[in-house]
Amino acid sequence: MTPVLDPSSFSSVSKCATKHLNLIYHVEFDRRVLKGKVALTVEVLEDKLSSLVQCDMNDLMCKSRLIKGLVHPKMKISGQHVIVEIEYETSPSATALQWLTPTQTAGKKHPYLFSQCQATHCRTMIPCQDSPSVKHTYYAQVSVPRELVALMSALHDGQEPDPSDSSRVIYRFRQPVSVPMPSYLIAIVVGALESREIGPRSRVWSEKEYVDEAAFEFSETESMLKTAESLAGPYVWGQYDVLVLPPSFPYGGMENPCLTFVTPTVLAGDRSLAGVIAHEISHSWTGNLVTNRTWEGIFWLNEGHTVYIERMIARCMASEQLRQFKGIGGWKELQESVKQFGANNVLTNLVPNLHEVDTDEAFSSVPYEKGFALLYHLEELLGGPEVFMGFVKSYIQLFAYGTVTTEEWKNYLFTYFKDKMDILNKVDWNAWMHTPGMAPVKPQYDTTMADACTALCQRWVKAKEEDLASFTEADVKKLNSPQLIEFMALLLQEEPLPLSHVKKMQEVYQLNSVKNAEVRFRWLRICVKAHWEEAVPLALKMATEQGRMKFTRPLFKEVYNFSKYSDEAVKTFKENRGALHPVTAMMVVKDLKING
């Protein structure tokens, strides 16, 4: 194994490794803190180690620390296991945690807490080796007010009244010895939660206001799981539950083991956005089972492979045409990220250097879509989807339960396809891995599903005032939800439409009343780009009534770039900042060039 140097961690990951965490939490909503006690079982990796373990900690108040199991304090021997016990308290401003008041929830009666540790925020809720290179199991017990439910990214292990306080209940969780995981996948949620069974190993959880809607939306979860197993091998995590979070959750989904977190913006009412579940399910193999060793330059191993498997699930459950169509949409997202960062920005490299770069600021579609483009390119060169998926499955089996680097992935690729070395040697690896901008080879996707979207987009772009009467509701009735999203995405790549066109589009298509968040988000951007003033409050409303960064950041930027409303964008953000997740708020501050 390559020696671990993780620029995102201050812990001594090459000298010792955490094997197990035993975690005790007391959740205090009134103070917005977790009172915690953690026992880290640590294996010494080298002889004569002078100091045992330097934990990653940020914004934690440590109260005590105790080391057990040392034979002699100055004689730490390779292979020795010691236990480090730390009693501590989180800060109300811990970036891993978002505390919601009752008014910020759907039910309006009870507070709510959720965590988001990826990439490097676990250190604000647990003193730990906060590096993906260190994988461990964990056991937890969580004391919460008895009217609330606690869930974690582990198997439920029972509950009981808190013996020290009759108004509270203790929930227990265990992540089994056989399946270790990195710190960024530790997750906790506490709220007035209900659940519905949606499959033999799956429940959906949310506040009661969302739960039946969510059960309908994610009813195909078991089919997706079975399809993923047929592609990638057995699902090893036992339970696969889905939690629909309050609207401020900053991402589309988060692949926490046993308990995928998803944004309520995927509740479209017609299952059209449930593909996010296929993505998070795919992470059960690539990301959670096989993990990038650091965040620097190999995040694409997690996300590129996950997008590849997600689209293979779409191929199996729907059609190859749909997989191709999703590839076209992904290429457009990559173009948008490259445009946003700048074509010469190293953050558009597939393998970027993240020294002294905030991992949250580096987050974009690049590792997802440039990574997928590379894997799809290799698939085409090496024999097609079945052949290449065979490699992906074999790669997962080889590196399961461990971590991997780009170099190790590439070495195994050359070993697996040893009879096709001449093809692999012709790949411009430097252009793919270490060169900024778009991928060096543009995939030639089947455009069958995209052609209708392109044709309608071009009709609008080329239409003169006298042509507007030719557009009717029937234009979009022929399109399914993914095609309507693609039509909008194509319009966004064009010069802004004249205001008369956008008003006509609303008149005939009634887009303001569409529930699908992916459609609505793009539609509102089109309106603001066209300087339709009536759309500004709608765009700012969507930017603040949910907090998914994919939507919130571009909407704020679009209004800010409409010079007449720049101040309104800043004012609206400042008024709503407290309701946004801290990471989202930090990024919008930079987007809107706000000082402090």
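All values reported here derive from a predicted model rather than from experimental measurement. Here, residue 1 is the first one in the sequence, and each next residue gets the next number.
Residues passing the side chain to side chain contact (heavy atoms under 4.5 Å, CB included) test with D467 are A463, K464, sequence neighbours excluded. Residues passing the side chain to side chain contact (heavy atoms under 4.5 Å, CB included) test with N576, sequence neighbours excluded: T544, T572. Applying the side chain to side chain contact (heavy atoms under 4.5 Å, CB included) rule to K393 yields the partners Q397; only residues at least two apart in sequence or on another chain are considered. The salt bridge (Lys or Arg N to Asp or Glu O under 4.0 Å) test applied to E466 returns no partner, not counting sequence neighbours. Residues passing the ring-ring contact (aromatic ring centres under 6.0 Å, His included) test with F325: none are found, sequence neighbours excluded. Contacts of E209 classified as salt bridge (Lys or Arg N to Asp or Glu O under 4.0 Å), with partners at least two apart in sequence or in another chain: none. Listed by chain and residue number, R315 satisfy the salt bridge (Lys or Arg N to Asp or Glu O under 4.0 Å) test with E386 (two or more places apart in sequence, or in another chain). With sequence neighbours excluded, no residue satisfies salt bridge (Lys or Arg N to Asp or Glu O under 4.0 Å) with K557. With sequence neighbours left out, A278 forms a side chain to side chain contact (heavy atoms under 4.5 Å, CB included) with M224, E310, I313. For K541, the side-chain hydrogen bond (donor to acceptor under 3.5 Å, both in side chains) criterion is met by E545, not counting sequence neighbours.
Checked for salt-bridge contact, K503 and E507 miss the test: no charged N lies under 4.0 Å from a carboxylate O. Checked for salt-bridge contact, E379 and R311 miss the test: no charged N lies under 4.0 Å from a carboxylate O. The pair E229-K226 fails the salt-bridge criterion, with no side-chain N (NZ, NE, NH1 or NH2) lying under 4.0 Å from an Asp/Glu carboxylate O.
Side-chain atoms of N288 come within 3.5 Å of backbone N or O of E255 as a donor-acceptor pair. Between the side chain of S365 and the backbone N or O of Y368, no donor-acceptor pair lies under 3.5 Å. Distance alone, capped at 3.5 Å, places no donor-acceptor pair between the K477 side chain and the T472 backbone. For the pair K420 (side chain) and L382 (backbone), a donor-acceptor distance under 3.5 Å is present. Within the 3.5 Å criterion, the main-chain N or O of A268 finds a donor-acceptor partner in the side chain of E217. R459 contributes no side-chain N or O that, together with a main-chain N or O of A455, makes up a donor-acceptor pair within less than 3.5 Å. Q98 contributes a side-chain N or O that, together with a main-chain N or O of L580, makes up a donor-acceptor pair within less than 3.5 Å. The main-chain N or O of Q546 is found under 3.5 Å from a side-chain atom of T552 such that the two form a donor-acceptor pair. Under the 3.5 Å distance criterion, the side-chain polar atoms of W429 are matched with a main-chain donor or acceptor of L424. Using a distance-only test at 3.5 Å, with no hydrogens or angles considered, a donor-acceptor pair links the side chain of Q483 to the main chain of M449.
No side-chain heavy atom of K564 sits less than 4.5 Å from a side-chain heavy atom of H531. Counting heavy atoms from C-beta on, the side chains of R577 and V589 come closer than 4.5 Å.
The stretch residues 336-346 participates, sequence neighbours left out, in these salt bridge (Lys or Arg N to Asp or Glu O under 4.0 Å) pairs: E336-R525. Among pairs with a residue in residues 268-290, none fulfils salt bridge (Lys or Arg N to Asp or Glu O under 4.0 Å), at least two apart in sequence or across chains.
A donor-acceptor contact closer than 3.5 angstrom is absent between the side chains of E558 and Y565. For the residue pair T306/T286, the side-chain donor-acceptor check at 3.5 Å is satisfied. For the residue pair N292 / W300, no side-chain donor-acceptor distance below 3.5 Å is found, with atom types taken as modelled. Residues S500 and E465 bring a donor and an acceptor atom of their side chains to less than 3.5 Å of each other. No side-chain donor-acceptor contact under 3.5 Å links T263 and R548. With 3.5 Å as the limit, one finds no donor-acceptor pair spanning the side chains of Q340 and S337.
Taking the ring centroids of W523 and Y509, they lie at or beyond the 6.0 Å cut-off.
With a 6.0 Å radius and a threshold of 12 heavy atoms from other residues, nucleotides or ligands, K574 has its NZ atom at or below the threshold.
Ring geometry, Y308 versus F388: the interplanar angle exceeds 60°, so the pair is classed perpendicular (tilted spans 30 to 60°).
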*Kindly indicate, with the supporting measurements, whether the criterion ring-ring contact (aromatic ring centres under 6.0 Å, His included) is fulfilled by W331 and Y445.*
CA-CA 10 Å; W331 185 262; Y445 293 118; 7.5 Å; no
